[in-house]
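Below is one structure, written out as structure tokens; the observations come after it.
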Protein chains: 2
Amino acid sequence: MSTKYKRGSFQLMKSMNRSTILNMIREEGPISRADIAKKTKLTPPTVSNIVKELISTQFVIETTQGMSKGGRKPTLLEINADQFYTIGVDVGTTQMKFVITNLFGKLKSHTTLTIPPFPSHEDILSIMKKGIRELMDGADLNKFLGIGVGMHGIVDPEEGRSLFAPAFQLHDIPIRDVLENEFNMIVKVENDARAMTLGEYWFGNGNDADNMLGVNVGNGIGAGLMVKGRLFHGEHNLAGEIGHITIDLSGPKCNCGNYGCLQTLAAGPAIAERAKKELKAGRPSLIHELVDGDYDKVDGQKVYEAATQQDPFSIELLHQTGRYLGIGLTNLIHTINPKRMIIGGGVSGAGEFLMRGIEETIQSRGLTDKAKETSIVLSKLGEHASAIGACVLVLEEFFIRQE
Amino acid sequence: MSTKYKRGSFQLMKSMNRSTILNMIREEGPISRADIAKKTKLTPPTVSNIVKELISTQFVIETTQGMSKGGRKPTLLEINADQFYTIGVDVGTTQMKFVITNLFGKLKSHTTLTIPPFPSHEDILSIMKKGIRELMDGADLNKFLGIGVGMHGIVDPEEGRSLFAPAFQLHDIPIRDVLENEFNMIVKVENDARAMTLGEYWFGNGNDADNMLGVNVGNGIGAGLMVKGRLFHGEHNLAGEIGHITIDLSGPKCNCGNYGCLQTLAAGPAIAERAKKELKAGRPSLIHELVDGDYDKVDGQKVYEAATQQDPFSIELLHQTGRYLGIGLTNLIHTINPKRMIIGGGVSGAGEFLMRGIEETIQSRGLTDKAKETSIVLSKLGEHASAIGACVLVLEEFFIRQE
DNA sequence: AAATTTTTCTTAAATTCTGAAAAAAGACTT
DNA sequence: AAGTCTTTTTTCAGAATTTAAGAAAAATTT
């Protein structure tokens with residue numbers, strides 16, 4: 001049994017307290033030293049000493065004075081939010097999104113570049129460099145703490161590599177090494193669904209759900225698992241590959257070779273496929289007009305658009321999709337039992353339409369009342385969730401004690 | 001976000017080191033102080049001081065001297081395995097098993113009592129007390145560290161209660177309070193699948209798999225999740241209720257009301273059901289003889305027996321069951337991605353026959369080579385796995401730093 | 001018998017938290 | 001307006017514990 005043999009030391013003690021205080025300021029600030037001492041059960045001198053250090057690193061500043069409660073006014077402490085920025089990249093199947101956020105995850109600027117079909121390793125890396133350079137242009141380099149990359153497919157976060165990107169059919173892209181070399185700052189790489197989850201946990205709808213799960217529904221379906229406030233990767237970084245869990249043995253064939261994978265029933269292409277079939281069979285729908293009779297143009301996006309315009313067929317189709325997704329999510333409730341699940345990714349625009357089916361299914365299939373109580377919410381960060389989450393990868397380095 | 005605000009203190013530092021050293025002795029002993037210092041990166045005096053304390057608590061003893069490597073012979077340290085005992089209880093659907101183990105999880109004695117049909121709260125608790133009293137009879141009370149209980153159904157380990165035991169249709173049995181009151185020692189209560197998993201992790205086939213999963217296949221199917229060496233419960237202690245994950249939307253109806261739950265395809269009753277159907281249809285099999293034509297007597301057990309005697313029908317039936325189970329396990333690989341899965345519970349006797357189907361399915365359905373590498377092994381602790389795991393619940397209190 | 005290696009113990013130094021109390025700043029009372 | 005009380009923050013001595021360095025002890029090798 002490899003209960004990693006952790007050693008207690010002065011350094012550990014200090015870094016735990018540093019991290020605790022810094023995060024308390026981040027999450028509950030503005031807050032006074034005295035309040036921190038009360039809440040952490042650290043003594044006032046300890047808090048004062050560490051705060052002094054934090055102020056000297058410029059992560060924390062003293063702001064306004066607070067209201068007195070009958071004595072000396074407290075000096076309030078706050079994260080120096082705009083002193084440092086982080087860069088986040090979200091590598092999708094056709095687009096690469098770039099964002100700059102401050103220490104509170106607030107979007108400062110963003111841009112998007114297009115990925116050509118059948119890109120090479122070099123294509124991906126040079127688009128990445130280009131986008132980052134563009135975004136950083138003119139700014140003070142010292143302001144940037146690092147770069148985070150959220151990438152679809154299988155990623156090795158420890159080595160900072162994309163091991164396999166299905167949409168590009170590329171293996172083993174050494175993202176971290178290349179970017180670190182180019183920009184000379186910390187670079188973190190993570191799977192996009194996990195990045196999204198992390199983003200929602202820190203700055204989105206994940207708040208106060210220590211055990212939660214982000215579900216990224218787009219061309220495929222991926223999830224990020226949050227266990228005790230940290231991302232969970234599994235043994236080979238495959239945790240959360242829920243697009244390929246089997247929910248219907250006699251379901252449609254998946255590109256992975258099996259039948260009835262969740263994503264053959266609930267991902268974007270599955271929606272488009274079902275829509276096409278019905279449309280060709282003459283089913284009346286607004287989609288006919290949207291694509292002008294060219295069924296090849298039907299995709300998830302078109303269905304959402306039609307649904308937004310109250311097209312009954314599209315609404316029903318998304319409802320049905322929500323029910324399928326709900327079955328997958330119910331399986332997750334019975335496996336992981338998270339406090340909350342956050343639905344994001346390409347479909348999150350159509351989230352409301354999916355939601356009803358999801359909720360219905362969980363209510364009908366959940367094993368117990370507690371299972372049915374699992375809160376399901378839509379992404380708050382929307383289309384930038386993965387990129388903002390990628391920024392959090394960098395923030396974690398500075399805010400969370402690394403063990 | 002509730003990143004629990006942990007405070008670093010001298011006590012914490014000390015207790016971390018204490019726990020580290022104690023566990024190193026447990027897992028790697030006999031071992032010398034010098035070796036512990038090397039491996040933990042603690043300094044020799046720190047190790048010596050803590051070891052002195054551990055010896056004074058009688059958990060550790062100096063044993064033989066080791067081989068010298070060219071200098072003074074090392075004094076080897078070992079867990080004082082038989083200085084203390086723990087009591088483990090496994091509450092099944094028809095039987096309650098009781099074991100006494102030493103600090104190495106070694107079985108010292110055991111007994112089994114029968115649970116009557118439709119038991120009341122009081123029945124369960126009094127059988128429990130009776131079995132424990134019987135087993136402790138005559139022994140020195142100071143030898144016992146505590147009592148652990150593994151109970152099927154939904155359990156609240158924090159409150160030490162069985163929230164719902166489906167086999168008895170009982171709610172809210174206050175096991176811990178009653179036993180603590182009766183025996184005046186630490187009492188821990190946990191779900192049986194989780195207890196089994198913990199047992200295998202400490203003393204069975206879980207060794208060195210920090211992220212692993214124990215699967216208990218009996219009348220139902222339950223799993224225990226091990227994350228970073230500790231049991232994972234989920235938000236409402238429902239994590240691992242994998243008997244009710246849907247794998248076949250058009251599968252058989254489950255007693256939970258849904259269709260195609262894993263346990264309608266792969267648990268004991270499902271095996272019996274399929275066997276009966278085929279037998280009644282005239283399928284030749286050794287089972288006919290085993291039950292003497294009375295199909296009501298057919299259960300999982302009979303099928304295993306027949307398989308053991310090379311009955312082709314039973315072997316094929318278990319093979320098929322293994323394939324179903326494999327689908328469930330593949331879903332878990334793609335969700336949790338554990339390093340290892342351990343199959344135990346009522347069916348573990350028939351494990352070999354299931355294994356082939358499980359392996360086949362994982363090989364054919366695993367998403368990547370890494371997924372296919374997941375090691376699947378049978379329980380080492382067999383029928384006592386849950387009860388021994390229940391003992392570990394108590395050992396954790398003494399060996400693992402509680403935070 | 002001397003040199004070397006390994007284990008263990010001793011002592012002093014370093015790090016960090018803790019507790020008591022003082023200082024600072026403001027609010028309330030008379 | 002002065003004095004007293006509260007609250008916040010800092011200061012400083014003391015305590016807990018690890019760390020570093022060296023010495024003693026014991027066994028093996030030369």
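The shown structure was predicted, so the numbers you read here are calculated from the model rather than taken from an experiment. So you know, we letter chains A, B, ... as the sequences are listed, proteins then strands, and number each from 1. Both backbone and side-chain heavy atoms feed into the values below; hydrogens, waters and symmetry mates do not.
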Figure out the [atom1]/[atom2] separation between [X] and [N], and round it to whole Å.
X: Lys52(A); N: dT8(D); atom1: NZ; atom2: C1'; value: 15 Å
X: Arg18(A); N: dT15(C); atom1: CZ; atom2: P; value: 18 Å
X: Ile36(B); N: dT6(C); atom1: CD1; atom2: P; value: 18 Å
X: Lys39(B); N: dT7(C); atom1: NZ; atom2: P; value: 12 Å

Query - Residue among Thr197(B), Leu213(B), Asn211(B), Val227(B) satisfying side-chain contact (heavy atoms from CB on, under 4.5 Å) with Phe232(B) - result: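 With Phe232(B) as partner, Thr197(B), Leu213(B), Asn211(B), Val227(B) yield a single side-chain contact (heavy atoms from CB on, under 4.5 Å), made by Val227(B).
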
OP1 or OP2 of [N] versus the side-chain N and O atoms of [X]: is any pair under 4.0 Å?
X: Arg33(B); N: dT8(C); answer: yes
X: Ser48(B); N: dT8(C); answer: no
X: Lys38(A); N: dT8(D); answer: yes

**Report entry** Bend angle of the helix from dA1(C)-dT30(D) to dT30(C)-dA1(D), from helix axes over five pairs at each end, nearest 10°
**Finding:**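 It works out to 10° between the end axes.
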
Query - The single option from Lys73(A), Arg33(A), Lys52(A) passing salt bridge (charged side-chain N to carboxylate O under 4.0 Å, His left out) against Glu62(A) - result: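 By the salt bridge (charged side-chain N to carboxylate O under 4.0 Å, His left out) criterion, Glu62(A) pairs with just one of Lys73(A), Arg33(A), Lys52(A): Arg33(A).
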
Produce the list of close N/O pairs, under 3.5 Å, pairing protein atoms with atoms of nucleotides 26-30 of chain C; give distances to one decimal.
| residue | atom | partner | partner atom | Å |
| --- | --- | --- | --- | --- |
| dG26(C) | N2 | Gly70(A) | O | 3.4 |

With 3.5 Å as the limit, what N/O pairs link the protein to nucleotides 15-19 of chain D?
| residue | atom | partner | partner atom | Å |
| --- | --- | --- | --- | --- |
| dT18(D) | OP1 | Asn17(B) | ND2 | 3.1 |
| dT19(D) | OP1 | Arg7(A) | NH2 | 3.1 |

Report task. Without swapping roles, check the side chain of Asn337(A) against the backbone of His236(B) for a donor-acceptor pair under 3.5 Å. Result ->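 Side chain of Asn337(A) to backbone of His236(B): a pair is present.
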
Requested in this report: Assign Pro44(A) to base, sugar-phosphate, or nothing according to its heavy-atom contacts below 4.0 angstrom with the strands shown.
Outcome: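 Base, at least one base heavy atom under 4.0 Å.
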
Query raised in the report: Will you find, in the side chains of Thr40(B) and Thr20(B), an N or O donor that is under 3.5 Å from an N or O acceptor?
Result: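 Not at all, the side chains of Thr40(B) and Thr20(B) share no donor-acceptor pair under 3.5 Å.
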
Query raised in the report: Side chains of Asp210(B) and Tyr201(B): do they bring a donor and an acceptor to under 3.5 Å?
Result: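 Yes - a donor-acceptor pair under 3.5 Å links their side chains.
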
Requested in this report: Kindly give the heavy-atom pair with the smallest separation between Phe104(A) and Ala81(A), and that separation in Å.
Outcome: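 Here Phe104(A) and Ala81(A) meet closest at CD1-CB, 3.7 Å.
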
Query raised in the report: Where is the tightest heavy-atom contact between Arg7(A) and Leu12(A), given as atom of each residue plus distance?
Result: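 Shortest heavy-atom separation between Arg7(A) and Leu12(A) comes out as O-CD2, 3.6 Å.
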
Report task. Report the relative orientation of the aromatic rings in Phe399(A) and Trp202(A); use parallel for angles under 30°, tilted for 30 to 60°, perpendicular for over 60°. Result ->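 Ring orientation, 0 to 90° scale: perpendicular.
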
Query - Lys339(A) atom NZ, over 12 foreign heavy atoms within 6.0 Å - result: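 Buried by this count: over 12 neighbours within 6.0 Å.
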
Requested in this report: Identify whether the distance between the nearest side-chain nitrogen and carboxylate oxygen of Lys143(B) and Asp140(B) falls below 4.0 Å.
Outcome: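 Salt bridge: no.
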
Query raised in the report: How about Phe59(B) and Phe84(B): are their ring centroids closer than 6.0 Å?
Result: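 Yes: the rings meet the under 6.0 Å criterion.
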
